[in-house]
Amino acid sequence: MTTNPLRDPRDRRIPRLAGPCVLVLFGVTGDLASKKLLPAIYDLANRGLLPPGFSLVGFARRDWADMDFAQLTHDAVKAHARTPFREAVWQQLCEGIRFVPGEFADDAAFDNLAQTVAGLDAERGTGGNYCFYLSVPPKAFPTVVQQLKRAGLSSPPVGGGHRRPWRRVVIEKPFGHDLASAEELNAMLDAVFPPSAVFRIDHYLGKETVQNLLAIRFANELFEPIWNRGYVDHVQITMAEDIGIGGRAGYYDGIGAARDVIQNHLLQLLALTAMEEPLSFAAESLRAEKEKALAAVRIPADIGTDTARGQYAAGWQGGVQVCGFLEEEGIAADSITETYAALRLTIDNRRWAGVPFYLRTGKRLPTRMTEIAVMFQRAPHLPFDATDTLELGQNALVIRVQPDEGVTLRFGSKVPGSAMEVRDVNMDFAYGESFTESSPEAYERLLLDVLIGDPPLFPRQEEVELSWKILDPIEEFWADHDKPEQYPAGTRGPASADELLARDGRAWRRL
Amino acid sequence: MLTDLTDTTTSDIRAALAKLRDQMGGPATGVVLNLIIMTDEAGQHDAVRAASQAGREHPCRILGVIAREVRASSRLDAEIRSGEGTPGQTVLLRLYGPMSEHADSVVTPLLVPDTPVVTWWHGQIPAVPSAQPLGVLAQRRVTDAAIAPAPAEALAALSAGYQPGDTDLSWTRATGWRSLLAATLDQEHGVVAGGMVSAEEHNPTADLLTAWLGVRLCVPFGRETSEGPGITQVRLDTTEGEITIDRPDGRVATLSKFGQPDRHVALNRRETADLLAEELRRLDPDEVYSEALAAVAAIPARSAPNGA
């Protein structure tokens, strides 16, 4: 196939557009589908980024007709879409909506699915390109994947002079619960789909701010020269949530904060913060650097002192009285699952030797906030009286991932007045202020990338395995030791987490 | 909040802007560009409204320049709006008398420093935008041939006076069509041997689209007059069959391709605010536009009933 004469790299007005395809969504009745995926599909259509003929097939254990699923989609779009509702766009999207009822174990349902997508190829010209989005619990993955294979949906037909259609599968975290199960999941997927057809979604990587981290580091001369042990004192990566486990007891018990958040989101953020400059932003180069960074991560020698974990106890969170983790419905009273985890990691390479990376995540903390804070060393000499700089802290560059996306630079400044007094001030860049009022949702970007087949923002199996290699020894240690420490809901976490930094003469940024 | 300054000076306007910023907790921070709008009393409302909407995507300081009675004595009236749902600030400048010939001396002190400038002629197109005092200042000069009395002549004039950084909203209007056509040719197709663009008469977007297709595909493209609205059909004749995109109602297009089922796709005619927002997304010269514009001038004149 020759290049398209209408495409020109200089022509930046023409957006990237996927070719004709069908998106098959498993788990349409879930929260994620109605809150994120279906609205994101509409938003893409509204922005003109979906191909003509794009079709959406829902699969679920419901006795529904196409129109019922269309209604569900319509309601989800009305309630959660980012862009305004336009009847013409909806009508066009609606024409391509189908529903296939059935159980995952039901052969007939998958045969029906195969007929439905083949029908769409004939009716709407989707050309045999199918993307399977598995928004279902991980235990259902093997059944669904095997069914796709049995029904002949997992690999496109060979032959013909034309381009071979594509098949892709999208899976959500968790990618296993330890190294062994991650390898098992991968082996199962590998037997059916080639690695290039598997897209692991980590929605954090679709966020503008996370991609902006790459822009800040590699498009500027200002930051990269000091992005190393010569200037950086330590790095804090935080994901705090104010909510409890809600209705996720079944999933959460036995998994815990470290597996739920640190293994994927926080270690990915760590990799992007610590990695060397990639050759280019092509998927291969980016992943190679991330993998190198993850492979250089060393876990603490003494896991007992250099990690902390906790469980929220009953308390007041944001003016509301809430129950403790052990009193949540569906959680055993003697559960040792942690709802707060903090780690001290180091990275063994020339750039980062001796610079600790502190990672923390927790539920029922005072606020919801995710950020990467690069904390710089104090000035080696201060030509002021000691009292002048009492309130001067460390310089910091903070990437605010959510909410209130942006960047804060913290530095000392003179307090107005006749005395020389220096205190910390913040210089703020807020995304909402300088760019779009509503930047695209992470899922919009990621769905589009899947349909186009552009993988840089999706972690590869190697990265998943490296992350488990970091976490597994810690999880094993925790399993053999005491119960997690209790912390009252609405507070900043267990005391042992504060002690962890205090031992190094440091403190967490206040939440 | 509205502040009216009558018979004022640029330093007073600056002082008023600074005061507003202090009162409102700094709404001028985060401004990414200056947008100068050349307009008149009749057009200012629509122009500023479109700019304010685009300003949600690109927070900017909007400076609306309205020339008033030329024979009056020189006077400057300003109207400052801020905090009306847009992140930046809007200043409407009314220039009386000889001052209107020196709008740049009024505008320059009011620009946010070290921040790009875009000038938009909402109305009459100057002969050479880049030679205008307020065009020289700007990285990007936006005109709109579609509202000129004779669009085809306007395009020809723009082509003759083109300088990198010029752009025209009639080109922006073509983006939806161009993306759909590019996506169509991403798929299997034969060799394109020619084609036809149908649109209502005096449609500069259709002229630019025809020229662009001709340039990119290196084959002649025809231009047909239809009832509209806007562009109604683009047809590509390939060696394997016809590909057509029909849009009779200005909203939904039908893509028909040989050997394939028809497909519908939303292809709306867009609002000015939307066009302006696209225009402000990039501020470097649009080379693809310059090529299409140059080719428009080379297209033989259509046999319009009374000329154009």
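Quick note on labels: first sequence line is chain A, next is B, and so on, each numbered from 1. Side-chain atoms are counted along with the backbone in the values below, which use heavy atoms only and exclude waters and symmetry mates.
- With respect to chain B, the highest number of heavy-atom pairs below 4.5 Å among P52(A), G125(A), A18(A) belongs to P52(A).
- Proximity to chain A is absent for every atom of T184(B), based on heavy atoms less than 4.5 angstrom apart.
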Checklist line | side-chain contact (heavy atoms from CB on, under 4.5 Å) evaluation trace for Y289(B) with D11(A) | finding: CA-CA 9 Å; Y289(B) 164 67; D11(A) 196 344; over 6 Å; no
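- In K19(B), the NZ atom is not crowded: 12 or fewer heavy atoms of neighbouring residues, nucleotides or ligands sit closer than 6.0 Å.
- Looking at L33(B), there are no atoms closer than 4.5 Å to chain A (heavy atoms on both sides), in backbone or side chain.
- Pairing each heavy atom of A122(A) with each of P261(B), the nearest pair is O-CG, 3.0 Å.
- Side-chain N or O atoms of R216(B) include none that pairs as donor or acceptor with a backbone N or O of L6(A) at under 3.5 Å.
- In this structure, no portion of R16(A) lies under 4.5 Å from any heavy atom of chain B.
- Of all the heavy atoms in P5(A) and L217(B), the pair that sits closest is CG-CD2, 3.3 Å.
- For the set G19(A), P20(A), A45(A), the entry with the most heavy-atom pairs within less than 4.5 Å of chain B is P20(A).
- The residues D186(B) and R7(A) are annotated as salt-bridged, a charged nitrogen and a carboxylate oxygen being separated by less than 4.0 angstrom.
- Residues A182(B) and N4(A) approach most closely at O-ND2, 2.7 Å, considering heavy atoms.
- No part of W177(B) comes within reach of chain A, as not one of its non-hydrogen atoms sits under 4.5 angstrom from that chain.
- Only the backbone of E123(A) comes within less than 4.5 Å of a heavy atom in chain B; its side chain stays farther off.
- Taking 4.0 Å as the cut-off between side-chain N and carboxylate O, R251(B) and E87(A) do not count as a salt-bridged pair.
- With a threshold of 4.5 angstrom between heavy atoms, L181(B) approaches chain A through its backbone and through its side chain.
- For the pair R12(A) and D284(B), the salt-bridge criterion is not met [side-chain N within less than 4.0 Å of a carboxylate O].
- Salt bridge annotation for E279(B)-R13(A): present, with a cationic side-chain nitrogen under 4.0 angstrom from a carboxylate oxygen.
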Check: Checking side-chain contact (heavy atoms from CB on, under 4.5 Å) for the pair Q92(A)/V265(B): CA distance, chi angles, key distance, verdict?
Finding: CA-CA 6 Å; Q92(A) 171 225 337; V265(B) 58; 4.0 Å; yes
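- In this structure, chain A has a heavy atom under 4.5 Å from the side chain of R282(B), while its backbone stays farther away.
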